[in-house]
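Everything on this sheet refers to the single structure shown next.
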Amino acid sequence: MGLLSTIFGNTRKPEGFFGRMMVNGMNGGGHARMAQWGLSHITISEDARVLDVGCGGGANIARLLQRVPQGRVLGIDYSPVSVAKSRQVNARAIAAGRCEVGEGSAAELPYGDGEFDLVTAFETVYFWPGIEDCFRGVRRVLKEGGRFLIVNEDDGLTGNNAKWEKIIDGMHTYTPDELRTHLGAAGFSDIAVHLDDRHHWLCVIVTK
């Protein structure tokens, strides 16, 4: 269990050798298909200003940049390994002034009120401390009418929760009803849930 915890613990905060392996893995395979599935449920204005919270290896920033050719995408992650990889993947967009990636936490978003048309969180809310306070922070930085997109690989309904939560310290796999409850407590009321029954993927779209 020790080695498993070391390897999979890097899904929470990638560090060192295994962390670099993890962020490379996050950028491909099933993660890519799941992210594309989640994004298929939302329409984004070409000039939107977007924030990706917990940006991991930066592949989703790149996808979002394609969707907003006249807009701007910012990424934030509390792992220096993730930030470095995201900056590498999106180096051209950063040089062009269309992208910015920095260190930071979902618990303390370093942005002003109403800055973003869209905030995204791909496979990261599992690890957010004080989830309702984090959701309030997301709501604060969204414009009126802005949307919050959550995409999770596990919908919390598979029965696998306990296994992964035992291996990965600090992880909680949320069910759709749990997310509705926490989002409602944070002040959101317009909440749409999409499920992929085959893969047990979960997509939640919330409008401010």
Side-chain angles (χ1 to χ4, degrees), residues 23-77 79 82-104 106 109-126 128 134-135 137-155 179 183 188 190-196 198-199 201-208:
V23 294
N24 286 332
M26 287 175 181
N27 280 351
H31 297 275
R33 291 190 297 273
M34 181 210 60
Q36 289 162 349
W37 169 81
L39 285 167
S40 73
H41 295 288
I42 194 166
T43 301
I44 311 170
S45 171
E46 291 189 352
D47 62 352
R49 184 176 172 88
V50 183
L51 171 65
D52 186 31
V53 182
C55 58
N60 289 317
I61 291 177
R63 293 185 184 98
L64 289 161
L65 283 163
Q66 290 178 345
R67 297 282 295 271
V68 294
Q70 287 137 34
R72 197 158 185 262
V73 180
L74 280 67
I76 189 172
D77 203 293
S79 161
S82 293
V83 170
K85 182 64 177 181
S86 290
R87 286 174 175 168
Q88 177 188 358
V89 168
N90 296 287
R92 288 186 179 179
I94 291 171
R98 293 192 55 234
C99 180
E100 179 181 321
V101 183
E103 279 187 51
L109 296 176
Y111 308 104
D113 296 355
E115 282 198 34
F116 298 99
D117 300 286
L118 174 67
V119 174
T120 61
F122 295 89
E123 297 188 89
T124 180
V125 299
Y126 313 124
W128 289 8
C134 290
F135 286 166
V138 169
R139 191 174 187 278
R140 178 184 65 78
V141 301
L142 278 173
K143 298 177 182 178
E144 289 297 328
R147 289 167 297 169
F148 177 29
L149 173 69
I150 299 170
V151 183
N152 285 352
E153 189 173 22
D154 193 319
D155 59 13
L179 285 174
L183 287 162
F188 290 107
D190 187 345
I191 303 167
V193 174
H194 303 274
L195 297 171
D196 181 296
R198 179 184 173 192
H199 299 96
W201 294 337
L202 169 65
C203 171
V204 180
I205 300 172
V206 189
T207 304
K208 178 176 176 180

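Residue numbers run from 1 in the order of the sequence given.
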Drop me the distance from [X]'s [atom1] to [Y]'s [atom2], to the nearest 0.5 angstrom.
X    : Y    : atom1 : atom2 : result
L202 : M34  : CG    : CE    : 10.0 Å
F188 : L142 : CZ    : CG    : 5.5 Å
I44  : L149 : CD1   : CG    : 7.5 Å
R139 : T207 : CZ    : OG1   : 11.0 Å
I191 : F148 : CD1   : CZ    : 10.5 Å
F116 : K208 : CZ    : NZ    : 12.0 Å

Is [X] reaching over with its side chain to a backbone N or O of [Y], donor-acceptor style, under 3.5 angstrom?
X   : Y   : answer
D77 : G56 : yes
R63 : L39 : no
N90 : G58 : yes

Self-check item: Inter- and intrachain pairs under ring pair (Phe, Tyr, Trp, His ring centres under 6.0 Å), touching residues 50-69, at least two apart
Solution: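 Every pair satisfying ring pair (Phe, Tyr, Trp, His ring centres under 6.0 Å) with a residue in residues 50-69: there are none.
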Quiz item: Pairs in or reaching into residues 86-97: which pass salt bridge (charged side-chain N to carboxylate O under 4.0 Å, His left out), with residues at least two apart or in two chains?
Solution: none
Please report the shortest heavy-atom distance between [X] and [Y], naming the atom on each side.
X    : Y    : answer
G75  : C55  : C-SG, 4.0 Å
T124 : N152 : N-OD1, 4.4 Å
C203 : G38  : SG-O, 3.9 Å
V53  : A106 : CG1-CB, 3.8 Å
N60  : A35  : OD1-CB, 3.1 Å

Quiz item: Between H31 and F122, is a side-chain contact (heavy atoms from CB on, under 4.5 Å) present by the stated rule, with each step listed?
Solution: CA-CA 9 Å; H31 297 275; F122 295 89; over 6 Å; no
Quiz item: Just wondering, do L51 and I76 contact through their side chains at under 4.5 Å, heavy atoms?
Solution: yes
Compile the donor-acceptor pairs under 3.5 Å between side chains in residues 94-101 and protein atoms, sequence neighbours left out, one pair per line.
residue: R98; atom: NE; partner: G71; partner atom: O; Å: 3.3
residue: R98; atom: NH2; partner: L65; partner atom: O; Å: 3.2
residue: R98; atom: NH2; partner: V68; partner atom: O; Å: 2.5
residue: E100; atom: OE1; partner: R72; partner atom: NH2; Å: 3.3

Quiz item: Parallel, tilted or perpendicular: which fits the ring planes of F135 and W128, with parallel below 30° and perpendicular above 60°?
Solution: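 Because their plane-to-plane angle is over 60°, the rings of F135 and W128 count as perpendicular.
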Exercise. Quick one: sort the H41 and W37 rings into parallel, tilted or perpendicular, breaks at 30° and 60°.
Key: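 Plane angle over 60°, so perpendicular.
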Quiz prompt | Test: D117 and R49 ion pair at under 4.0 Å | solution =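 Here D117 does not pair with R49 in a salt bridge, since their nearest N and O are not under 4.0 Å apart.
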Practice problem: Just do the side-chain contact (heavy atoms from CB on, under 4.5 Å) check on I42 and L118 with the steps written out, would you? | Solution: CA-CA 10 Å; I42 194 166; L118 174 67; 3.7 Å; yes
